[in-house]
Protein chains: 2
Amino acid sequence: MSVKQSYTGPVTTQASDLEQPGVEDLTLADVMHALGDRARLEIVRSLHVDGERQCGSFDLGLSKATRSHHFKVLRESGITNTRIEGTARFVTLREGDLEARFPGLLPAILNAAVADA
Amino acid sequence: MSVKQSYTGPVTTQASDLEQPGVEDLTLADVMHALGDRARLEIVRSLHVDGERQCGSFDLGLSKATRSHHFKVLRESGITNTRIEGTARFVTLREGDLEARFPGLLPAILNAAVADA
DNA sequence: AGGACTGTTTGACACTCATCGAACAATCAG
DNA sequence: CTGATTGTTCGATGAGTGTCAAACAGTCCT
């Protein structure tokens, strides 16, 4: 129902977050579906290791249009948060929200992602 | 690579297993993809609770053709085992195999399935 | 042999998805 | 203002998906 509005603090340039589902709206099927793709799984794995990253910093062998698509799927399924800063987009894993909604799920998936490699 | 061939013991009627991927061939993306569907998620949840069940015993509000399709997806992704006995098909979760390949993943998903309900 | 029962396969349909190039939008540096 | 940079959106395309009814295939029972 709700749309998150996290305060990112005062910045010189305009900064805000892209729309994303509230914690209570996350569904398991949506999350699983979003993660049923190699590229998105790789993005999530990287985000866990590196923390916040700029969208363009991912080299997945895909066009920027396709990359943008994957980031949108991840955000709309509630897995990631996207912060806008200038022309750049910074993506983070919503680890806390996911843990609150589905305790232990993300850690298990991240662990499996290692075993999968 | 390998195709599992679990021994189901001597029976009066012919009994065998449908083909399924070997443990080492399971991929995280395939598993996640198979679980990115409400009907299949419900099947998996039920299998965990009830143990082995006959395919026809599931009432998901779907035609038998569609049900058959979902069981096929689950089997081919390595999540379930299907045992043939007469005209019936008995399905089980490959909990041991999944645990060996992706430790902790299935329990976390099953737990999340409860939180999702 | 003939039915009854369980499940698969086939063919069809509408819909979704991953992918790309190209056009567009917004911001920043000169 | 002009470019350059970063990403999104649009339109297209080919592949895949969930769904069903109908036909088919085994197996069991009488």
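Per chain, numbering begins at 1; letters A, B, ... match sequence-line order.
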Has [X] got a side-chain N or O lying under 4.0 Å from the OP1 or OP2 atom of [N]?
X       : N      : value
A:Thr87 : D:dT6  : no
B:His70 : D:dT19 : yes
B:Thr66 : D:dC20 : yes

Assign B:Ala88 to base, sugar-phosphate, or nothing according to its heavy-atom contacts below 4.0 angstrom with the strands shown.
sugar-phosphate
A:Arg40 near the nucleic acid: base, sugar-phosphate alone, or nothing, with a heavy-atom cut-off under 4.0 Å?
sugar-phosphate
Between the main-chain N or O of B:Glu42 and the side-chain N or O of B:Ser46, is there a donor-acceptor pair closer than 3.5 Å?
yes
Can you tell me how far [atom2] of [N] sits from [atom1] of [X], to the nearest Å?
X       : N      : atom1 : atom2 : result
A:Phe90 : D:dT5  : CZ    : P     : 17 Å
B:Glu85 : D:dT27 : CD    : C1'   : 12 Å
B:Lys64 : C:dT10 : NZ    : P     : 16 Å

Note: for A:Arg67 and A:His33 on DNA chain C, the residue whose nearest nucleotide lies more 5' is A:His33
Under the salt bridge (charged side-chain N to carboxylate O under 4.0 Å, His left out) rule, what pairs show up with a residue in residues 101-117 of chain A, not counting sequence neighbours?
A:Arg101-B:Asp116, A:Asp116-B:Arg101
Qualifying residue, where the test is side chain to side chain donor-acceptor pair (under 3.5 Å) with A:Gln20 and the options are A:Asp97, A:Asn81, A:Thr80:
A:Asn81
Ring pair (Phe, Tyr, Trp, His ring centres under 6.0 Å) involving A:Phe90 - partner list, sequence neighbours excluded:
none
